[in-house]
Student: 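Structure below; questions to follow.
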Number of protein chains: 2
Amino acid sequence: MADVAALAGVSNQTVSRVANNRSNVEEETRQRVLSAMRVLGYRPNTAARALVTGQFRTLGLISSTLGTFGNARTVEAVTRAAQRAGYTVNMVAVETRTERAVHEAFGRLTMQAVDGIVLIEAQILDTPALRLPPGVPVVVAGGDAGHHHAMVDTDQALGARLVTRHLLDLGHETVWHVSGPEDSYAARHRAASWHATLKEAGAAVPPVLYGDWSAAGGHEAGRHLARRPGVTAIFAANDQMAIGVLRALAEAGRRVPGDVSVAGFDGLDEAAFLSPPLTTVRQDFDVVAERIVSLLIDQIATGAAPGSAVLLPPRLVVRESTGTPPR
Amino acid sequence: MADVAALAGVSNQTVSRVANNRSNVEEETRQRVLSAMRVLGYRPNTAARALVTGQFRTLGLISSTLGTFGNARTVEAVTRAAQRAGYTVNMVAVETRTERAVHEAFGRLTMQAVDGIVLIEAQILDTPALRLPPGVPVVVAGGDAGHHHAMVDTDQALGARLVTRHLLDLGHETVWHVSGPEDSYAARHRAASWHATLKEAGAAVPPVLYGDWSAAGGHEAGRHLARRPGVTAIFAANDQMAIGVLRALAEAGRRVPGDVSVAGFDGLDEAAFLSPPLTTVRQDFDVVAERIVSLLIDQIATGAAPGSAVLLPPRLVVRESTGTPPR
DNA sequence: CCGATCGATGTTCACGTAAACATGGCCGAT
DNA sequence: ATCGGCCATGTTTACGTGAACATCGATCGG
């Protein structure tokens with residue numbers, strides 16, 4: 001910066017003003033400084049800037065795996081939204097799902113330079129009310145409204161209700177559910193809403209099967225269900241598990257949707273091209289991410305209290321994998 | 001830090017030494033400082049540290065979409081590998097595939113504080129030889145060995161050769177190819193190797209169909225192929241497109257593998273649970289990422305010349321979607 | 001028993017930037 | 001004509017840390 005100042009024949013401060021697009025610099029001076037910057041290949045030093053301003057223009061992002069479609073899409077959408085807002089994203093992957101791991105990630109991030117943190121919380125943590133060290137704004141993507149941070153999520157309950165109702169409306173006596181892991185908030189919300197919807201409709205509530213969000217997990221659950229007579233409708237808690245369920249049914253010679261209807265959740269792009277094309281609930285990850293980032297940036301700017309919970313409606317996409325039950 | 005020093009009754013420098021785990025501090029003093037840190041909730045300031053050391057312990061990661069399985073897996077694996085090495089990952093998503101966009105991302109990143117950059121280069125850039133501003137170590141994940149940076153990738157050519165040979169060995173007269181977009185290095189490598197393998201075997205080389213890595217793109221290509229008599233083997237350049245191809249064949253009433261064999265590429269977890277389970281080429285993204293990160297950190301540490309190109313072998317996974325041609 | 005050496009600790013300084021305050025010239029209102 | 005105020009610019013300083021160098025006491029070899 002000193003070199004630029006010298007070359008342009010101005011003071012350091014004027015260079016700083018130009019670098020930060022301040023208005024109170026004469027046009028001619030600005031041009032002189034800009035060209036000096038170009039000549040010298042000047043790049044402002046973020047560390048120095050952050051040191052003096054206390055701002056990093058960086059958001060931390062804590063996620064577990066990118067192997068589930070929802071996480072990957074959320075991470076990408078958050079990154080894009082942050083970029084649009086002039087922020088960079090610092091990613092941390094947590095290996096395990098314990099609170100300690102998240103705390104560690106959190107530490108790594110606050111030690112690193114972030115202004116706020118997005119926690120993609122597919123997993124329920126050790127303690128019911130997630131309490132992270134204070135001082136850094138946090139927005140949780142998915143989870144319970146219960147804890148002490150702002151939260152944004154697709155309305156999982158609504159989504160589960162939509163699929164379950166859809167299957168009941170087709171005439172199925174009840175709907176079986178292949179849930180995600182028990183320690184996932186999303187999985188619990190979907191399962192709870194499926195349960196409630198069945199009860200409201202006066203339908204029997206069959207036992208829940210648990211998967212791990214993967215096709216392999218869905219396949220295993222599907223094999224149990226395929227052996228079970230009377231199963232005519234299955235709601236898998238995500239599309240990847242639904243793929244496994246479809247496969248298990250195919251292996252058992254049960255036709256979809258002739259013998260059994262299958263629906264998923266998430267809105268995987270590939271879902272439309274499975275055999276048969278999969279009925280699913282599409283989440284709008286872009287909007288979720290947009291809200292997450294704007295909420296977080298608000299918190300950073302105002303230092304205001306968190307606490308709000310935003311739920312965004314998903315949309316039921318009916319395809320060929322669901323139909324009327326066999327007579 | 002000053003507060004900690006005061007509370008522990010030592011100098012700033014001693015606190016710094018403890019914070020950096022230097023050996024030359026007496027155990028008792030260290031404990032006193034550590035407890036003072038705990039009491040005051042001290043966290044070292046990364047910005048100040050970076051300002052004085054010139055190191056950020058951060059890697060930049062430039063990627064296009066996370067929608068393709070390969071990218072998502074690579075991003076996750078790189079993040080994990082970087083974490084293990086004590087680095088944080090700063091992610092930038094480029095919207096378009098032009099060189100300008102990458103340059104912009106690059107600028108955003110060098111302006112931000114990174115010690116090195118990983119470029120996940122699914123797309124060919126405007127200029128054939130990618131030339132980025134010098135001064136920052138770069139490792140390219142995928143791409144041509146031609147350009148001026150270190151490169152690590154799965155051996156795409158080997159993978160494509162394995163699938164193509166596999167299909168020829170089953171007795172197919174030739175193999176059709178649904179390629180990824182023309183501006184993708186990976187797509188080009190796979191297509192070129194498919195082409196060469198056919199020629200080596202003396203098989204006819206059918207025209208290439210192009211997709212965009214998505215199931216929808218694969219579906220469209222698949223519809224063309226399904227109408228075409230004499231097509232008995234299809235190699236899709238990734239698993240997601242293979243899903244679309246499978247669907248198109250199913251819609252056209254052509255049986256897999258009875259009438260047509262289909263193989264993919266990548267090793268999508270779901271591939272094993274499609275109907276039929278998909279033959280594919282599995283890339284070991286974890287190892288690729290490991291190498292990328294270690295290469296990059298080496299470059300950062302030594303400031304040494306780049307230039308090396310590392311190719312890691314993929315593995316053919318044969319499943320039920322490929323079989324002998326119809327007689 | 002004394003000087004050399006070494007380990008623990010302290011002191012000073014620079015890193016690159018933007019905030020706060022200072023300066024000086026110009027313009028418009030009285 | 002004079003003065004207040006505003007605008008462009010300059011000067012000084014602090015941000016929190018680690019490197020370099022300084023100091024001091026203890027230990028050890030001759």
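Residue numbering restarts at 1 for every chain, and letters A, B, ... go by the order of the sequence lines. Source: prediction; values computed, not measured.
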Student: Using whole Å, what does the distance between atom C1' of nucleotide C:dG10 and atom CE of B:Met1 come to?
Tutor: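 Those two atoms, CE and C1', are 14 Å apart.
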
Student: As a test of understanding, state which of B:Asp115, B:Val139, B:Val152 forms a side-chain contact (heavy atoms from CB on, under 4.5 Å) with B:Leu296.
Tutor: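 Of the listed options, the one satisfying the test is B:Val139.
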
Student: Select from B:Val15 and A:Asn12 the residue whose nearest nucleotide in DNA chain D is closer to the 5' end of that strand.
Tutor: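 Per heavy-atom nearest nucleotide, the more 5' residue is A:Asn12.
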
Student: How many Å lie between CD on A:Gln13 and P on C:dA19, as a whole number?
Tutor: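 Going from CD in A:Gln13 over to P in C:dA19 covers 8 Å.
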
Student: Checking contacts here: which listed nucleotide (D:dG16, C:dA18, C:dT17) is nearest the side-chain heavy atoms of B:Asn45?
Tutor: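 Closest of the options to the side chain of B:Asn45: D:dG16.
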
Student: Are A:Asp266 and A:Gln283 side-chain neighbours, meaning at least one heavy-atom pair lies under 4.5 Å?
Tutor: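 Side-chain contact under 4.5 Å: yes.
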
Student: More 5' along DNA chain C: B:Leu51 or B:Thr29, using each one's nearest nucleotide?
Tutor: B:Thr29

Student: Starting at CD of A:Glu27 and ending at C1' of D:dC7, how long is that distance when rounded to a whole Å?
Tutor: 15 Å

Student: Quiz question: going by heavy-atom distance under 3.5 Å, is there a donor-acceptor pair between the base of D:dG10 and the side chain of A:Arg17?
Tutor: yes

Student: With respect to the phosphate group of D:dA19, does any side-chain polar atom (N or O) of B:Arg22 fall under 4.0 Å of OP1 or OP2?
Tutor: yes

Student: DNA chain C: B:Val25 or A:Tyr42, which has the more 5' nearest nucleotide?
Tutor: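 Its nucleotide being nearer the 5' end, the pick is B:Val25.
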
Student: Return the nearest nucleotide to the side chain of A:Glu26; candidates are D:dT17, C:dA18, D:dT9.
Tutor: D:dT9

Student: The side chain of A:Ala48 lies closest to which of these nucleotides: C:dG16, D:dT17, D:dT11?
Tutor: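 The answer is C:dG16.
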
Student: Could you report the tightest heavy-atom contact between B:Gly9 and B:Arg32, atom names first, then the distance?
Tutor: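 Scanning both residues completely, I find the closest heavy atoms to be O-NH2, 4.2 Å.
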
Student: Without decimals, in angstroms, what is the distance between A:Gln55 CD and C:dA19 P?
Tutor: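 Rounded to whole Å, this separation is 11 Å.
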
Student: Identify the heavy atoms of A:Ala48 and B:Leu51 that sit nearest to each other, and give their distance.
Tutor: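 Looking at all heavy atoms of both residues, the closest pair is CB-CD1, 3.6 Å.
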
Student: Which of the following nucleotides, C:dT9, D:dG18, D:dG16, is nearest to the side chain of B:Asn24?
Tutor: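 Minimum distance to the B:Asn24 side chain belongs to C:dT9.
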
Student: Respond yes when some side-chain nitrogen or oxygen of B:Thr14 is under 4.0 Å from OP1 or OP2 of C:dG10, and no when none is.
Tutor: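 For C:dG10, OP1/OP2 do have a side-chain N/O of B:Thr14 under 4.0 Å.
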
Student: Please tell me if B:Ser16 has a side-chain N or O lying less than 4.0 Å from either OP1 or OP2 of D:dG16.
Tutor: no

Student: Considering only side-chain heavy atoms of A:Arg49, which listed nucleotide, C:dG10, C:dT17, D:dG10, is closest?
Tutor: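 For the A:Arg49 side chain, the nearest candidate turns out to be C:dT17.
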
Student: Are A:Asp183 and A:Arg188 ion-paired here, with the side-chain N under 4.0 Å from a carboxylate O?
Tutor: no

